[in-house]
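So the structure is just underneath, and the comments pick up after that.
Remember, it's a predicted structure, so these values are computed and weren't measured experimentally.
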Amino acid sequence: MPHHPDRQGPAVFVSYATADRAEVLKFHRDLLDRGIDPFLDIMDILPGDDVVMSINGALERSDYYVLAWSAAARDRYWVNSEISAAMVLEQRRARPFVFIVRLDDSDLPPVLAPRRYLDAFGGLREVAADRLATVWKRDRAVGTRVLPAPAPVPEPDPHAAPALHVYARNQSLRVSHEVRLAIAATPRNLIAALTEQLALPTEASEYGGAVGVRFSYRYQHAGVQLDPRSDSPLGLAEGDVVDIEVVVEPYGPDGALSDPVSFLPGRDYAIPPEMIRELCEKAIEHLRADSPGDLDDSDDAVGSVGKEPDEA
C-alpha cells in the first residue's frame, strides 16, 4: 500500500541529513508534482509517533528508496542505518530498490560507489526528479515485477552508439527483466541480445539425457509476433515491452512425447508433472520473480510473450 492512501503513485522513502533539509524539501515537492508518493520524516512522522517503528514501516511499504547523498550525510547515524536497511530490502526483494541522488559533488561511500547516481545540484534537481519518476512509472506500467537481467552485458563503450533499455516480459512467470539493446535493433539482434542477457536455456534433462525438456521461445512486440530471421529495424523506443513465450517439448528415450506447448506452471505434460516441474525449475529458475516452489501455483496464466528518513 502507498504511504498515503489517497495517492496512487509509487511510494518512495527519502533518506537525508538534517543539514540538507531545505534542499530535500524542494526535492520532495518535485516528486509530489510528478505523481510520486514520497515519505519524508519531517512531513510524515507525527509528534508522539515511535520514530523507529515509523521508519521501519515506511521502508517496508516503499516501492523505492532514495538516498539524498551529500558531505553532510556521510557520517550521520540515521542515514547510515537507513542505507543498511535499504540494502537488505533490495537483496530480499531481488530487484532495484536503492536509488542515489547527489546534492553535492561528494564521493559516494565504497559500498555505494559502483552504483549509478543522479546529480541534483547545479540546476539539475528537477531533471533528477523527472528521470526518477519516468523510470519508476515505466516499471510499474509493465504490469509485472521488474528484475535486472540475469546475465547483463558489460557496460557499453562510451564511444559506441547509445543503447535502449527495454523490458522482456513473461506473464506466465509474472516477471519482466530490463535488458539493453542497440537503438536500431532488428528482430535477429533482439533475440540474440535476449538469449545472452537472459541466459535462455535450450534444454534440461535427466538420466543421462534419456528424459528431458527442450525449450524454445516466441517473441512479440506491440502484439505482433517477430520473425527471428528478420533484419528489418524494429523501431523500438526506450521502455518498450517485448513479450517472451516459453515453449516446452518433453521428450523420452523414444523421442518427443508431445507437440511443443507453451509453458504453464500448473499444466500436466506427457511425462510426470513432478519431473517437468523439476526440470523447468532447474532451467529457468534464474528468470523467476518468486520462489521455485511456487512454479505450479498459476495454471490459468498464459505462457506469454508478452521488466530514508531524516536523522532524528
Side-chain angles (χ1 to χ4, degrees), residues 1-104 106 108-113 115-118 120-121 125-126 128-129 131-133 135-137 139-140 145-147 289-291 308-312:
M1 64 181 285
H3 296 132
H4 310 97
D6 57 332
R7 299 182 195 159
Q8 300 303 312
V12 176
F13 186 101
V14 182
S15 181
Y16 67 101
T18 302
D20 296 320
R21 180 173 289 162
E23 193 64 21
V24 169
L25 284 169
K26 296 175 187 176
F27 187 65
H28 177 269
R29 172 49 57 185
D30 293 337
L31 294 179
L32 285 172
D33 290 345
R34 288 157 179 78
I36 307 303
D37 177 16
F39 174 91
L40 206 61
D41 64 337
I42 190 65
M43 307 290 289
D44 294 300
I45 299 180
L46 301 177
D49 285 350
D50 185 297
V51 174
V52 173
M53 290 184 65
S54 297
I55 289 172
N56 284 340
L59 275 168
E60 288 283 357
R61 291 191 298 272
S62 293
D63 299 304
Y64 305 102
Y65 164 95
V66 169
L67 168 63
W69 181 254
S70 70
R74 181 174 299 278
D75 298 318
R76 309 320 301 162
Y77 171 79
W78 277 101
V79 172
N80 287 317
S81 296
E82 291 157 9
I83 292 172
S84 297
M87 298 287 279
V88 169
L89 283 172
E90 183 172 77
Q91 290 184 345
R92 183 194 305 167
R93 297 178 184 186
R95 66 167 178 81
F97 178 67
V98 175
F99 293 77
I100 302 169
V101 172
R102 295 199 313 169
L103 302 180
D104 58 30
S106 301
L108 295 170
V111 71
L112 298 175
R115 291 175 175 265
R116 295 180 180 177
Y117 56 82
L118 295 173
F121 60 94
R125 192 191 73 240
E126 291 193 35
R131 292 184 62 184
L132 289 173
V135 169
W136 294 334
K137 291 180 179 180
D139 279 4
R140 286 163 62 94
R145 188 174 178 186
V146 177
L147 305 180
D290 46 11
S291 64
E308 296 163 325
D310 147 30
E311 333 176 279

Practice task
Describe, in one word, how the ring planes of Y64 and W136 are oriented to each other, choosing from parallel (under 30°), tilted (30 to 60°) and perpendicular (over 60°).
Solution key: parallel
Fill in the blank from the handout: Residues at least two apart in sequence or cross-chain that pass side-chain contact (heavy atoms from CB on, under 4.5 Å) with E60, listed by chain then number, are L89, R92, R93
Do the side chains of [Y] and [X] get nearer than 4.5 Å, heavy atoms only?
{"X": "L103", "Y": "R125", "result": "no"}
{"X": "Y16", "Y": "L40", "result": "yes"}
{"X": "P38", "Y": "F27", "result": "no"}
{"X": "R116", "Y": "I100", "result": "no"}
{"X": "I36", "Y": "K137", "result": "yes"}
{"X": "V12", "Y": "D63", "result": "no"}

Exercise for the section: Step by step, work out the salt bridge (charged side-chain N to carboxylate O under 4.0 Å, His left out) result for E82 and R76. Expected result: CA-CA 10 Å; E82 291 157 9; R76 309 320 301 162; over 6 Å; no
For [Y], does its backbone N or O pair with a side-chain atom of [X] as donor and acceptor, under 3.5 Å?
{"X": "E90", "Y": "F97", "result": "yes"}
{"X": "R74", "Y": "S70", "result": "no"}
{"X": "D50", "Y": "M53", "result": "yes"}

Handout entry: Qualifying residues under side chain to side chain donor-acceptor pair (under 3.5 Å), relative to S106, sequence neighbours excluded
Key = D104
Handout entry: Partners meeting side chain to side chain donor-acceptor pair (under 3.5 Å) with R131 (sequence neighbours left out)
Key = none
Handout entry: From CZ (R21) to CD1 (I42), nearest 0.5 Å
Key = 4.0 Å
Handout entry: Lys/Arg N to Asp/Glu carboxylate O, D33 vs R29, below 4.0 Å
Key = yes
Handout entry: Among V79, V101, V14, side chain to side chain contact (heavy atoms under 4.5 Å, CB included) partner for L67
Key = V79
